Amino acid sequence: MIRRMLVGLCFAALAGASACASGSTPLAVVSGGVSAHGLRGDVLSPPTTEPPVVLADTVGTSFHLARETRGKVVLVYFGYTHCPDVCPTLMADVAQALRESSAAVRADVEVVFISVDPVRDTRSVIRRWLDHFDPDFVGLRGSIGRVIAIQKAMGVPVSKVTPHSRHGYSVAHSAELLAFTPDREAHVVYTDGPTTIGDLRHDLAVLTTDKAYGA
C-alpha cells in the first residue's frame, strides 16, 4: 500500500513570526516506512533519481553534486538560515547522528544544505550557520528559479516566498531530508519530528555498508 507523505511547511517572516502548516509531496512512500534492510526512514517506492545539480558553494565555486559526492551517501535538505525551528533542529540532529557514528560511516556521508532564501543567505551567512553544526556540511545557493527546478526534479514541494508590505517577506519550505545513495537514487526520506537521532545513526550505518538499496 502506497500513501502520500505529509510534510510540514514552515514559515518565517523577517519580523520573526513563525508557524507550520501541512502540505503534501508527490514522493510515494511505502506505508510503515520499513524496508527489507530494516531502514527506519520512510522508504520511497519508486526511488527518486538524483537530477543534475550544479550550484555555488560557500567558497563561490561551482559544486557539481554527482561529481563531488561520487560513491557517498548524500543527505540533501532544502532550508534557510533564518528558519526559527525545523532547519536548525534537523541539522543539529544530523550532526549528532554523525558524531555518534563510526569514522568509516562519517567518511562515506555528505550533508548538503541548499538555501531556499538566496537573498539573505549569502555564502558567508550559510557558512557561519552550518559551522554551528558541522564545518564539513556543504552549503549551496543559486537563484530561486534554479533551486525550485531542483526541488521539482527531486519531487519535493517547492519553496514559496510571499511579500509583506510591512514586514518584508516570508519563506515557506518543506521539511524532507532525502538520502541519495551511490546509485544516485533516494530510496529513503526523513522528516522532522518522527525521525530521531537514533534512526539517522542506524540508517546511515546500513546505507553506507549495504549496497542492495532497493531490496
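As the structure is a computational prediction, the values presented were derived from the model and not from experiment. Here, residue 1 is the first one in the sequence, and each next residue gets the next number.
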Note to self: Please identify which of these residues, Ile114, Val94, Leu90, Leu178, meets the side chain to side chain contact (heavy atoms under 4.5 Å, CB included) condition with Tyr77.
What the structure shows: Leu90
Notebook entry, point to check: According to a 4.5 Å side-chain heavy-atom criterion applied to Ile, Leu, Val, Met, Phe, Trp and Tyr, with indirect links allowed, do Val109 and Val206 form part of one hydrophobic cluster?
Noted result: yes
Next item on the list: Evaluate the side-chain proximity of Pro118 to Ser143: yes if any heavy-atom separation is below 4.5 Å, no if none is.
Entry: no
Next item on the list: Would you mind telling me which of Trp129, Phe137, Phe133 makes a ring pair (Phe, Tyr, Trp, His ring centres under 6.0 Å) with Phe113?
Entry: Trp129
Next item on the list: Could you walk me through whether Glu110 and Val73 pass side chain to side chain contact (heavy atoms under 4.5 Å, CB included), step by step?
Entry: CA-CA 6 Å; Glu110 194 82 80; Val73 171; over 6 Å; no
Note to self: Keeping Arg201 on the side-chain end and Ser101 on the backbone end, is there a donor-acceptor pair under 3.5 Å?
What the structure shows: no
Checklist line | Chi angles and distances behind the side chain to side chain contact (heavy atoms under 4.5 Å, CB included) call for Val54, Leu65 | finding: CA-CA 6 Å; Val54 182; Leu65 186 64; over 6 Å; no
Notebook entry, point to check: Do Phe78 and Val147 come within less than 4.5 Å of each other through their side chains, counting heavy atoms only?
Noted result: yes
Checklist line | Any side-chain heavy-atom pair of Val116 and Tyr80 under 4.5 Å | finding: yes
Item checked: Ser159 side chain reached by Ile144 side chain, heavy atoms, under 4.5 Å -> yes
Note to self: Closer than 3.5 angstrom, by distance alone: can the side chain of Thr181 be matched with the main-chain N or O of Glu185 as a donor-acceptor pair?
What the structure shows: yes
Note to self: Applying side chain to side chain contact (heavy atoms under 4.5 Å, CB included) to Leu177 and Val76, what does each step give before you reach the verdict?
What the structure shows: CA-CA 6 Å; Leu177 178 72; Val76 175; over 6 Å; no
Margin query: Counting C-beta onward and ignoring hydrogens, is there a side-chain heavy-atom pair between Arg141 and Leu55 closer than 4.5 Å?
Written below: no
Item checked: Heavy-atom pair with the smallest gap, counting every atom of Gly38 and His202 -> O-CE1, 3.1 Å
Check: To the nearest 0.5 Å, what is the distance between CD1 (Ile126) and CG (Leu140)?
Finding: 8.0 Å
Checklist line | Minimum side-chain heavy-atom gap Pro51-Val53 below 4.5 Å | finding: yes
Notebook entry, point to check: Could you state the interatomic distance from CD (Glu50) to CE (Met154), rounded to the nearest 0.5 Å?
Noted result: 6.0 Å
Item checked: Separation of Ser174 OG from Gln151 CD (nearest 0.5 Å) -> 6.0 Å
Margin query: side chain to side chain contact (heavy atoms under 4.5 Å, CB included) for Leu207 and Phe180? Distances and angles first, verdict last.
Written below: CA-CA 9 Å; Leu207 293 171; Phe180 288 95; over 6 Å; no
Item checked: By side chain to side chain donor-acceptor pair (under 3.5 Å) - contacts of Thr81 (at least two apart) -> Asp121
Checklist line | Arg120 with Asp117: basic N within carboxylate O range, under 4.0 Å | finding: yes
Checklist line | Closest heavy-atom pair and its distance - Cys87, Gly79 | finding: SG-CA, 3.7 Å
Notebook entry, point to check: Taking the side chain as C-beta and beyond, is there a heavy-atom pair between His187 and Leu44 under 4.5 Å?
Noted result: no
Notebook entry, point to check: Between the side chain of Arg184 and the main-chain N/O of Thr49, is any donor-acceptor distance below 3.5 Å?
Noted result: no
Notebook entry, point to check: Are side-chain heavy atoms of Val112 and Leu75 found at a separation under 4.5 Å?
Noted result: no
Checklist line | Option passing side-chain hydrogen bond (donor to acceptor under 3.5 Å, both in side chains) with Tyr190 (candidates Asp42, Asp199, Asp203) | finding: Asp203
Check: Taking all atoms of both residues into account, what is the closest heavy-atom pair of Glu176 and Pro157, and its distance?
Finding: OE2-CD, 3.2 Å
Next item on the list: Applying side chain to side chain donor-acceptor pair (under 3.5 Å), name anything that partners Gln96, two or more places apart in sequence or on another chain.
Entry: Arg99, Glu100
Notebook entry, point to check: Once you round to the nearest 0.5 Å, how far does CD1 of Ile197 lie from CG of Asp93?
Noted result: 4.5 Å
Notebook entry, point to check: If you round to the nearest 0.5 Å, how far is OG of Ser62 from CG of Asp57?
Noted result: 8.0 Å
Notebook entry, point to check: Linking I/L/V/M/F/W/Y whenever any side-chain heavy atoms sit under 4.5 Å apart, do Val119 and Val171 land together?
Noted result: yes
Notebook entry, point to check: In Å, rounded to the nearest 0.5 Å, how long is the span from CZ of Arg40 to OG1 of Thr195?
Noted result: 11.0 Å
